[in-house]
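Report on the structure given below.
So that the names make sense, note that chain A is the first sequence line, chain B the second, and so on, each numbered from 1. Here the structure is a predicted model, which is why all the values come from computation and not from measurement.
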Protein chains: 2
Amino acid sequence: MQIGDLSRHAGVNIETIRYYERAGVLPVPARQGNGRRIYGEADVRRLGFIRHARDLGFDLQSVRTLLALQEQPEASCTDASRIAQAQLDEVERRLAQLQSLRAELSRMVAECRKGVVAECRVIEALNTSPF
Amino acid sequence: MQIGDLSRHAGVNIETIRYYERAGVLPVPARQGNGRRIYGEADVRRLGFIRHARDLGFDLQSVRTLLALQEQPEASCTDASRIAQAQLDEVERRLAQLQSLRAELSRMVAECRKGVVAECRVIEALNTSPF
DNA sequence: GCTTGCTCCTGTAGTGACTACAGGTTGTAG
DNA sequence: CTACAACCTGTAGTCACTACAGGAGCAAGC
């Protein structure tokens, strides 16, 4: 399998695959005689893992840690849990803020529809910290 | 108030403040005789707004739009409503996305028995395609 | 055997939103 | 007068890509 096939299988841009290699999250692959990269099924799975983690908002450093953990099945998984918990906390923080922004925006839209002069409180809504 | 005070009041890096000026989300401030930037209370509020919007994941272009919305004269209510509605749609989209992230992350964390990596649900979840 | 066109290669540069630093000026306290 | 903090401009680095230039390999059709 060469890079184009891997790209199609994993749904990841070719340039991104080469970037992941440079970034050290994908192993340096073997080459064909003509210099082209050769990949296998393991690379498709690893790339899927990386994309999934990235989609969940983990940065590449966290991905490296998670991948390293995956390769030590006997190690404790407290590290993995801690990384995931930190990510969850961050997502929940953003959810709370977005919910208050949604309330403010929909209030504005509703007031405009009624023809009432909307007193815009977007700044206040965003300045009212949820902490 | 000069840039260092604004930085402390708003909790935003000095370099970032100058960057926001270049990016056109903070107005070009007046200068003292010695060339130093002068800010007022309005800048503190505006900066707070920008930071919160950025924390919610809006890019600087959206921030510009939100700021423009905030500064809409009361006359152009239909216009303001249209902009607010567009931002509201975007917020709803982000909310839905974050909610599914939270669901997956919290399931991962909840099912992690803090044992060994071999049985770790966090790692396993990442290996399982979300589709 | 030659051309066309696809896929691949390397290397560099651009993106957005910062962040850091170099090298210089101004203001203030001891 | 000296030390040092705070400011100035301008440039370069960061992250996670993404795009592109310029070249090589290969397969199919003429």
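- The phosphate of C:dT10 has OP1 or OP2 within less than 4.0 Å of a side-chain N or O from A:Arg31.
- Rounded to an integer number of Å, the gap from CZ of B:Phe58 to C1' of C:dG16 is 17 Å.
- Atom CG in A:Leu60 sits about 9 Å away from atom C1' in D:dC17, given to the nearest Å.
- Protein atom CZ of A:Arg22 is 12 Å distant from nucleotide atom P of C:dC9, rounded to whole Å.
- Considering only side-chain N and O atoms, B:Arg8 lies nowhere under 4.0 angstrom from the phosphate OP1 or OP2 of D:dA6.
- Among C:dC18, D:dC26, D:dC7, the nucleotide with an atom closest to any side-chain atom of B:Ile3 is D:dC7.
- The nearest whole Å value for the distance from the CD atom in A:Gln2 to the C1' atom in D:dA24 is 13 Å.
- Contact check, B:Arg37 against D:dC8: a side-chain N or O comes under 4.0 Å of OP1 or OP2.
- Taking only distance into account, the side chain of B:Glu15 meets the base of C:dC21 through a donor-acceptor pair shorter than 3.5 Å.
- For the 3.5 Å distance criterion, the side chains of A:His9 and A:Glu41 fail to qualify, holding no donor opposite an acceptor.
- Separating the CD1 atom of B:Ile17 from the P atom of D:dA6 is a distance of 14 Å, rounded to the nearest angstrom.
- Residue B:Thr16 has a polar side-chain atom (N or O) positioned under 4.0 Å from OP1 or OP2 of C:dT19.
- Judged purely by distance below 3.5 Å, without hydrogens or angles, the side chains of B:Gln61 and B:Arg64 pair a donor atom with an acceptor atom.
- Between B:Arg51 and the phosphate of C:dC18, there is a side-chain N or O to OP1/OP2 separation shorter than 4.0 Å.
- Proximity of A:Tyr39 to A:Val44: side-chain heavy atoms (C-beta onward) are nowhere separated by under 4.5 Å.
- The CD1 atom of A:Ile50 sits 16 Å away from the C1' atom of D:dC15 (whole-angstrom rounding).
- Per the geometry, OH belonging to A:Tyr20 stands 14 Å off P belonging to D:dC15, to the nearest Å.
- Applying the 4.0 Å criterion to OP1 and OP2 of C:dT25, one finds that B:Asn34 has every side-chain N and O outside that range.
- Summarising the geometry, the separation between CG on B:Asn13 and P on D:dT14 is reported as 17 Å, rounded to the nearest angstrom.
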Verify side-chain hydrogen bond (donor to acceptor under 3.5 Å, both in side chains) between B:Tyr20 and B:Arg54, making sure each step is shown before the conclusion.
-> CA-CA 12 Å; B:Tyr20 283 164; B:Arg54 289 285 306 124; 4.6 Å; no

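- A salt bridge does not link B:Glu21 to B:Arg18: none of the charged side-chain nitrogens sits closer than 4.0 Å to a carboxylate oxygen.
- For the OP1/OP2 pair of D:dG25 and a distance below 4.0 Å, the side-chain nitrogens and oxygens of A:Arg36 include no atom meeting the criterion.
- A sub-4.0 Å separation between OP1 or OP2 of C:dT10 and a side-chain N or O of A:Arg18 is absent.
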